[in-house]
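Take a look at the structure set out below.
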Amino acid sequence: MTGLALRSLAHHRVSAVATGLVATAGIALVTAMAGLLGTGLADATAAADRAFLVQFPLILGGWVLAIVLFAMVSTIGVALQGRAAEIAGIRLVGATPPQVQAMVAAETVAVTVLAAVPGTALGYLLGAGLLAGIRSTGLIADATAYAPGAGLLLLGALLVLAAAAAAAWLGSRAVAARSPVAEPGAGTGRRRSGRGRRTTALAVVGAGLASSYTVLAVDPASILTTALTGPGCVLVAVGLCLLAPELVALAQFAFDRVPRLRARAPGHLAARNLAAAPERARPAVTFLTLFVGVAAGTLGMQGIENEFGAAGSDGQVLAAINYLVVALIAMFMAIALSNNLVASIARRAPEFASMSLIGATADQSRRMLLGEVAASAIVSALAGGLGALVSILPFAIAKTGGPAAAFAPAPFVLTIAVGAGVTLGVTAVVGRRTIRAETA
C-alpha cells in the first residue's frame, strides 16, 4: 500500500497541501507547548516557576492535541468525499477496507513528516514568544530562560504524527467501508451511526456544562473558576460540532419556513442543495461552531474577570495568556476551515459547469454558493454563541452574583464577525475562481 499511497499523493496535490497546512499548524502549536514544558522541567528554571510552566502546557497541550485530531479527521473526511470513485475502483479490484484505510494513513503520515520540519521550527519560535509573554505578566521570574530541549520538541512532533495517523484511519473508515455497489443495509448503518454520534455529542456537552457549573461550588476568587470554565467552553463547543448534521437540517428548516428566502433563483438553488447534499455544508458548520464556541466563551470569561475580578489576581494576570491562546486557536481553526471550504468548492466544479449549460449565469451560481454558506454561518453562530453563553453563565454568577455580565455583546460580536468574515471571504474568492474556470 505504500507505493499506491505515494502515487495517490502525486494525483491529489490539493488535498495533500490542505492536510499539510493543518499538520504544520498543529505541530507548531503542540511543539510550542512542549517547549514550555521543557523549560519548566529544566534544571536552570527557578523552583517557584516550575509548577506553572509544567501544568499550563500539559493542560493546554492536551486540548490543542484534541483539536488537531478533530481538525484532521474532518479535513481528511472532506478530501476523501471527492475520491469516492477512485476508492470504489480500488475496492473493485480487491482491496479491503483496512487496506484502503492503511493507504490513506500512509499518505497522511508522509505529508505530516514533510510538515514536521517547518512546523517544529515555527513551534520553537512560538514557544519562545509565549514564554516572553508569560514573563511580561509577572507570572514567572525575568531570569527564567527558554530551554525547550530537543527531546520534548521531537516528542511533540511525534504526538501530532500519531494523531495524524489516527485521524486518517478514523476519517477514512466510512469511505473505505462503503461498498462500490449499493448495499440494501447501508441506510440502517448510517442511522445507527447517527444515533451514536448524537449520544456522544450530548455526553460531551454534558461534561462541559458539568465543568462550567462546578465553579458555583468553589471560591469565586480561586483560579479554579478559570481552570474549570475554559475546558467547559471547549467541551460544549466540541459537542455542538458533532451535531453539525442537525444544524444543517435547521438551516434547511429555515428555508422551508421562510418562503422569501427562496423567492429568487439563487435562494431556491441554495435551499435545494442544502436538502440534497447537506454534507457539503457540514465542514463549515463544524469548524465555525467550534471557533465561535471556544473564542466567544474564552473572551467573554476573561472580560468578566477583567471587569469584576480582584485587582492583581491570578485571573487577571492570565488574561493576556488566554487572549493569546484564543488567537492561536483561531488561526488554526481559520486554516482548517479555509482548507475544507477550498476542497468542498473545488469538488463542485462539474456542478457549476452543468448549471452553466442549462442557463444559470456565473453571478447566480456565486450567489447560490454564498447563500448556502451564509445559512451555514448563521446556524453555526447561533449554536456556538449559545454554547459559549451557557458555559460562562456560572462564571458570571460566581464573580458578580448575577448572570448579566455573561451577556456582554462584544466577545460574541467580535468572534462571529471574524468567523463569518473568514468563511464568506474564502467562499467568495474560491467560488468566483472555480465558477469562472468552469463557465468561461
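Values in this document were obtained by computation on a predicted structure and should not be read as measured data. All values below were derived from every heavy atom in this structure, side-chain atoms included, with hydrogens, water molecules and symmetry-related copies excluded.
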>> Looking at Arg197 and Leu242, would you say the former's side chain and the latter's main chain have a donor-acceptor pair under 3.5 Å?
In response: yes
>> Donor-acceptor check, side chain of Ser211 to backbone of Leu228, threshold 3.5 angstrom: yes or no?
In response: yes
> Is there any ring pair (Phe, Tyr, Trp, His ring centres under 6.0 Å) pair reaching into residues 96-147, and which pairs are they, with sequence neighbours excluded?
Replying inline: Tyr124-Tyr146
> So do the side chains of Met33 and Leu36 get within less than 4.5 Å of each other, counting heavy atoms only?
Replying inline: yes
>> Looking at every heavy atom in both Leu65 and Ala163, which two are closest together, and how far apart are they?
In response: CD1-CB, 4.3 Å
> Do the side chain of Ser376 and the main chain of Glu372 share a donor and acceptor less than 3.5 angstrom apart?
Replying inline: yes
>> Using side chain to side chain contact (heavy atoms under 4.5 Å, CB included), reason through Leu386 and Leu240 one step at a time and then give a plain yes or no.
In response: CA-CA 10 Å; Leu386 180 61; Leu240 291 173; over 6 Å; no
>> As an exercise, state the distance from OG1 of Thr229 to CD1 of Ile392, rounded to the nearest 0.5 Å.
In response: 9.0 Å
> More than 12 non-hydrogen atoms from neighbouring residues, nucleotides or ligands closer than 6.0 Å to CZ on Arg135, yes or no?
Replying inline: yes
> Is there side-chain contact between Pro97 and Arg91, with heavy atoms separated by less than 4.5 Å?
Replying inline: yes
> Would you say the side chain of Val422 lies within less than 4.5 Å of the side chain of Phe291, judging by non-hydrogen atoms?
Replying inline: no
>> So does Gly35 get a backbone contact from the side chain of Thr39, meaning a donor-acceptor N/O pair under 3.5 Å?
In response: yes
>> For a 4.5 angstrom cut-off between non-hydrogen side-chain atoms, does Leu341 reach Phe287?
In response: no
